[in-house]
Participant: 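Before I ask anything, let me first share the structure, which is written out below as C-alpha cells.
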2 protein chains.
Amino acid sequence: MARTWTQTRPNRPGRAFRKVRTDHAAETAQDYVEAVSDIVHRNGVCRVKDLSEHMGVSHVTVSRIVARLLDEQLVETEPYRPIRLTARGEQLAAASRRRHDIVFRFLLSLGVPGHEAGPDAEGIEHHVGDATLHRMAEHVAGCEETGAAR
Amino acid sequence: MARTWTQTRPNRPGRAFRKVRTDHAAETAQDYVEAVSDIVHRNGVCRVKDLSEHMGVSHVTVSRIVARLLDEQLVETEPYRPIRLTARGEQLAAASRRRHDIVFRFLLSLGVPGHEAGPDAEGIEHHVGDATLHRMAEHVAGCEETGAAR
DNA sequence: ACTCCAATGTAGCACAAGCTACCTTCCAGT
DNA sequence: ACTGGAAGGTAGCTTGTGCTACATTGGAGT
Ligand SMILES: [Mn+2]
Ligand SMILES: [Mn+2]
Ligand SMILES: [Mn+2]
Ligand SMILES: [Mn+2]
C-alpha cells in the first residue's frame, strides 16, 4: 500500500501563502465599505465620483466593484444614484475602520512618521490576525498611558 | 480663469491606495525569489514542483510566474530544468529575506504566537516602508537586549 | 536499451481589477 | 422648459493569477 501521498495535507509555507491570498481577496471589499462610510459621514452621500477620487482609480473600476459589493449585499444603490451601506456593509465598515485605526495608531506609537504610517497601515491592516491585532492594541494603550509616541 | 481642476494632484487617500497596489505588484516576485533561494539552500536545486508545493498553487501557475521572472531577469532556467537565481534575483531574495525576518521577529517580540506570526509576516512584509522597517528592527533589538519576547 | 511515470509544458478557461473610448442620464442655471 | 456638461454606465481591451485537462519529456529502474 506504500502511499506516495505527494501532498495530502498542505505544508506550512503553503498555508501561509494561501492565507495571504484570501486576505487579498477580502481587501477590496473592506477598503470600499470603509470609504463609503467615511464619505457618507463627510458629504452626506457617497457617489461613484467620490469613491473614484478616494481610491485613486477610474470611475469604471469603481462602478464594477460597486456592482460586486451590491451582489455581496454590502451596499445598495440604483443607477445614477448615491451608494449607501447595508446593515452588513455597516458592520464590515465598522470592523475595518477599527482594525485600520489600531494598525495606524500602533505604527505611530512605534515612532513611524505619519506620512509613512498612513500608507503602510492601508496595506498592513489586511494581513493582521486576531492575536497580532490584540498585541498592537495593547502596545498602543501602553504607550498612551506613558506618554505619546516614542 | 476659475479652473475647476477636479483632480490635478492626487489626494491623500488616493496616494496611499496607489502605494498598496504597487506593493502588491511587487509581491509575487519577492516571494518567489525568496522561495527559490530557500529551496536551493535546502535541496541543492529548485524545481517547479518544489515551488508549487511551497507556494500552495498548481505547477501551471508556477511555470507561468517563472516565465515572468525569467523575463525580468530574476531567474534563469531552461524547459524541464531546475530554476536558479540570477545575480539580480539573489539580491532581491536577500533583501526580501531580510525584510521578512525583521517583520517576523518583530511580531514575535510583540508577543504574537509563532503560528500566527508566520502567516501575518508573509503578508505584512510587502507593505512595510523604510521608516517602519527601521522601527521594527529597533524594537526587536531592544527586546533582545532586555530578555526574549514579552 | 526500454519503458513508464512523475515532472513539466501548453491550451484554454475564470475572475479581479486596471484602463480608454464612447454613450446615456439628470440636474443646475439660464 | 431647455440644454450643456458633469456624472455615471457600457463595450472591450490588458495584465496577473488561479484552475483543469491534456501532451510531452527525461531519467530511474528494470
Ligand atoms: Mn482601511
Ligand atoms: Mn487597506
Ligand atoms: Mn516572504
Ligand atoms: Mn510574502
Side-chain angles (χ1 to χ4, degrees), chain A residues 2-8 10 14 17-32 35-36 39 43 45-72 74-84 123 126, chain B residues 2-8 10 14 17-32 35-36 39 43-72 74-75 77-84 123 126:
Chain A
R3 284 281 345 250
T4 34
W5 77 306
T6 335
Q7 187 62 29
T8 297
F17 288 110
R18 280 175 189 284
K19 185 215 168 233
V20 174
R21 290 195 295 270
T22 64
D23 287 346
H24 279 157
E27 184 163 336
T28 304
Q30 291 172 23
D31 286 337
Y32 273 75
V36 171
I39 292 168
N43 299 0
V45 296
C46 174
R47 312 234 40 156
V48 168
K49 182 84 182 314
D50 300 317
L51 283 171
S52 149
E53 284 169 10
H54 189 91
M55 305 301 296
V57 300
S58 75
H59 79 275
V60 183
T61 297
V62 168
S63 69
R64 196 161 8 71
I65 288 172
V66 166
R68 242 194 50 216
L69 301 182
L70 206 54
D71 240 46
E72 297 169 15
L74 292 170
V75 304
E76 37 190 21
T77 183
E78 307 96 78
Y80 298 101
R81 295 292 156 198
I83 295 138
R84 284 149 292 132
H126 310 281
Chain B
R3 279 293 331 259
T4 35
W5 79 309
T6 335
Q7 187 60 29
T8 297
F17 289 110
R18 280 175 190 286
K19 185 215 169 231
V20 174
R21 290 196 295 270
T22 64
D23 287 345
H24 280 156
E27 185 163 334
T28 305
Q30 291 171 23
D31 286 337
Y32 273 74
V36 171
I39 293 166
N43 300 0
V45 297
C46 175
R47 312 234 42 156
V48 168
K49 182 85 182 316
D50 300 317
L51 283 172
S52 150
E53 283 168 11
H54 188 91
M55 304 302 295
V57 298
S58 75
H59 78 274
V60 183
T61 297
V62 169
S63 71
R64 195 162 8 73
I65 288 174
V66 166
R68 241 195 51 216
L69 301 181
L70 205 55
D71 239 46
E72 297 169 14
L74 291 171
V75 305
T77 184
E78 304 99 76
Y80 299 100
R81 296 291 158 199
I83 296 137
R84 285 150 290 132
H126 309 281

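Throughout, protein chains are lettered first and strands after them, A, B, ... in sequence-line order, and every chain is numbered starting at 1. Because the structure is a prediction, the values reported are computed rather than measured. Keep in mind that the numbers below use all heavy atoms, side chains included, and drop hydrogens, waters and symmetry copies.
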Participant: Taking any heavy-atom pair under 4.0 Å as a contact, classify B/Arg64: base, sugar-phosphate, or nothing.
Facilitator: base
Participant: In whole Å, what is the span from the CZ atom of A/Arg47 to the P atom of D/dG8?
Facilitator: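 Between P of D/dG8 and CZ of A/Arg47: 5 Å.
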Participant: Within the 4.0 Å heavy-atom criterion, would you say A/Val60 contacts the bases, only the backbone, or no part of the nucleic acid?
Facilitator: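 Base, at least one base heavy atom under 4.0 Å.
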Participant: Answer yes or no: is there an ion pair linking B/Arg84 with B/Glu78, defined by an N-O contact shorter than 4.0 Å?
Facilitator: yes
Participant: With a cut-off of less than 4.0 Å, is there a side-chain N or O of B/Ser58 near OP1 or OP2 of D/dC19?
Facilitator: yes
Participant: Between B/Glu53 (CD) and C/dT8 (C1'), how many Å, whole number?
Facilitator: 14 Å
Participant: To the nearest 0.5 Å, what is the distance between CG on A/Asp23 and CZ on A/Phe17?
Facilitator: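 Reported to 0.5 Å precision, the distance equals 13.0 Å.
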Participant: Whole angstroms only, please: what is the CD-P distance between B/Gln30 and D/dG16?
Facilitator: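 Whole-Å distance recorded here is 15 Å.
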Participant: Taking only N and O in the side chain of B/Arg21, is any of them less than 4.0 Å away from OP1 or OP2 of D/dT15?
Facilitator: no
Participant: Output the rounded distance in Å from CD1 (A/Ile83) to C1' (D/dG8).
Facilitator: 10 Å
Participant: Take the protein atom NZ of A/Lys49 and the nucleotide atom P of D/dG5, then report the distance between them rounded to whole Å.
Facilitator: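 Going from NZ in A/Lys49 over to P in D/dG5 covers 16 Å.
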Participant: Take atom CG of B/Leu51 and atom P of D/dG18, then tell me their distance rounded to the nearest Å.
Facilitator: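 Value for this atom pair: 12 Å.
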Participant: When you match A/Tyr80 and A/Gly56 each to their closest nucleotide on DNA chain C, which lands nearer the 5' end?
Facilitator: A/Gly56
Participant: Kindly compute the distance separating CG (B/Leu70) from OG1 (B/Thr77), expressed to the nearest 0.5 Å.
Facilitator: 7.0 Å
Participant: Does a side-chain heavy-atom distance below 4.5 Å link A/His126 with A/Gln30?
Facilitator: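 Answer yes - side chains close enough.
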Participant: From CD1 of A/Ile65 over to C1' of C/dC19, roughly how many Å is that when rounded to an integer?
Facilitator: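 So the CD1-C1' distance, A/Ile65 to C/dC19, works out to 13 Å.
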Participant: Would you say C/dC19 has OP1 or OP2 under 4.0 Å from some side-chain N or O of A/Thr61?
Facilitator: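 Yes.
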Participant: Answer yes if the ring centres of A/His24 and B/His24 are under 6.0 angstrom apart, and no otherwise.
Facilitator: yes
Participant: Among the candidates C/dA7, C/dG9, D/dG18, find the nucleotide nearest to the side-chain atoms of B/Ser63.
Facilitator: C/dG9
Participant: Compare the minimum distances between each of D/dG18, D/dG26, C/dG18 and the side chain of A/Tyr32, then state the nucleotide with the smallest one.
Facilitator: C/dG18
Participant: Quickly work out the B/His59 NE2 to D/dT20 C1' distance and round it to whole Å.
Facilitator: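 After rounding, the reported distance stands at 10 Å.
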Participant: Hey, which of these two, B/Cys46 or A/Ala25, hits DNA chain C nearer its 5' end, going by closest nucleotide?
Facilitator: B/Cys46
